[in-house]
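Reading through the structure tokens given below for one structure.
The shown structure was predicted, so the numbers you read here are calculated from the model rather than taken from an experiment. First listed ligand is number 1; within each ligand, the first listed atom is number 1.
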Amino acid sequence: MSDCLFCKMVSGEIAPDKVYEDKDVLAFRDVNPQAPLHVLVIPKAHITTLNDVDEANAALLGKMYHAVKKITQQEGVAEDGFRTVMNCNQDGGQTVFHIHLHLLAGRALQWPPG
Ligand code: AMP
Ligand code: ZN
């Protein structure tokens with residue numbers, strides 16, 4: 001999608017602070033980090049919200065979580081632990097409408113989230 005911020009990162013029009021990339025997935029540091037490590041993991045294919053996941057694209061979610069495993073090992077946070085969050089639409093607090101997984105680590109995180 002030409003007007004999507006995260007599609008622009010996939011195409012290279014905007015350069016993200018990249019931490020991981022493969023054929024299907026891109027991961028980069030959040031510009032407004034909420035923890036010492038705050039990475040966004042996105043599918044390269046545009047999916048607007050979690051409501052748009054279907055039979056044809058659902059495998060990308062598994063690939064995003066496989067990337068999480070690689071990134072947490074790479075960043076050295078796998079053993080201490082981490083949190084993944086995906087926000088959907090208004091009540092979920094979604095502000096960028098290309099699905100993304102927040103990977104938060106590097107401090108003890110509160111529960112429940114606000
Ligand atoms: P959400 O509110 O779940 O849609 O998350 C969107 C996230 O994108 C927020 O945590 C923002 O800080 C982050 N974000 C927005 N613009 C950028 C950018 N240019 N580079 C990296 N992260 C961004
Ligand atoms: Zn997009």
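- Just one of Lys63, Lys44, Lys70 meets the salt bridge (Lys or Arg N to Asp or Glu O under 4.0 Å) condition when paired with Glu21; it is Lys44.
- To the nearest 0.5 Å, atom CD of residue Gln73 and atom CD of residue Glu79 are 8.5 Å apart.
- Using cut-offs of 30° and 60° for the angle between ring planes, the His38 and His102 rings count as tilted.
- The part of Arg29 lying near ligand 1 is the backbone, judged by heavy-atom distances below 4.0 Å.
- Contact atoms of ligand 1 toward Gln94: 4 (O) (distance under 4.0 Å to a heavy atom of the residue).
- Under the 4.0 angstrom criterion for non-hydrogen atoms, Pro16 is not in contact with ligand 1.
- Remark: the backbone N or O of Asp52 is paired with a side-chain donor or acceptor of Asn57 at under 3.5 angstrom.
- Atoms of ligand 1 found under 4.0 Å from any heavy atom of Met9, numbered from 1 in the order shown, are 18 (C), 19 (N), 20 (N).
- Using modelled atom types, one side-chain atom of Gln74 and one backbone atom of Val19 make a donor-acceptor pair closer than 3.5 Å.
- Contact annotation: for Asn87 versus ligand 1, heavy atoms closer than 4.0 Å belong to the side chain alone.
- Between atom CG of residue Asp24 and atom CD1 of residue Ile42 there is a gap of 12.0 Å, rounded to the nearest 0.5 Å.
- Remark: ligand 1 atoms within the under-4.0 Å shell around heavy atoms of Thr95 are 1 (P), 2 (O), 4 (O), 5 (O), 6 (C).
- Separating the OG1 atom in Thr49 from the CD atom in Gln90 is a distance of 13.0 Å, to the nearest 0.5 Å.
- Looking at Met86 against ligand 1, nothing comes within 4.0 Å, counting heavy atoms.
- Against a heavy-atom cut-off of under 4.0 Å, His100 is close to the following atoms of ligand 1: 1 (P), 3 (O), 4 (O), 5 (O), 6 (C).
- Residue Asn32 approaches ligand 1 through these ligand atoms, each under 4.0 Å from one of its heavy atoms: 12 (O).
- In terms of polar-atom proximity, Phe28 is not counted as a contact of ligand 1, lacking any N or O under 3.5 Å from an N or O of the ligand.
- The side chain of Leu40, and not its backbone, has at least one atom closer than 4.0 Å to an atom of ligand 1 (non-hydrogen atoms only; side chain from C-beta on).
- Under a hydrophobic clustering in which Ile, Leu, Val, Met, Phe, Trp and Tyr are joined whenever their side-chain heavy atoms come within less than 4.5 Å, directly or via other members, Phe28 and Leu37 fall into different clusters.
- Remark: Asn87 CG to Leu101 CG distance equals 10.0 Å, nearest 0.5 Å.
- If you look at the Zn ion (ligand 2), the protein N, O or S atoms less than 2.8 Å from it are Cys4 SG, Cys7 SG, His46 ND1, His98 ND1.
- Both Ile14 and Leu26 are assigned to one and the same hydrophobic cluster, defined by single-linkage of ILVMFWY side chains at heavy-atom distances under 4.5 Å.
- Under 4.0 angstrom from ligand 1, the non-hydrogen atoms of Leu5 all belong to its side chain.
- Separating the CZ atom in Phe82 from the CG atom in Leu109 is a distance of 11.0 Å, to the nearest 0.5 Å.
- The protein heavy-atom contact nearest to atom 12 (O) of ligand 1 is Asp30 OD1, 2.5 Å.
- Of the candidates Thr72, Val77, Val85, Thr72 is the only one forming a side-chain contact (heavy atoms from CB on, under 4.5 Å) with Leu103.
- Contact between Met64 and Val41 at its shortest, heavy atoms only, is CE-O, 3.4 Å.
- Closest protein heavy atom to atom 23 (C) of ligand 1: Val31 CG1, 3.4 Å.
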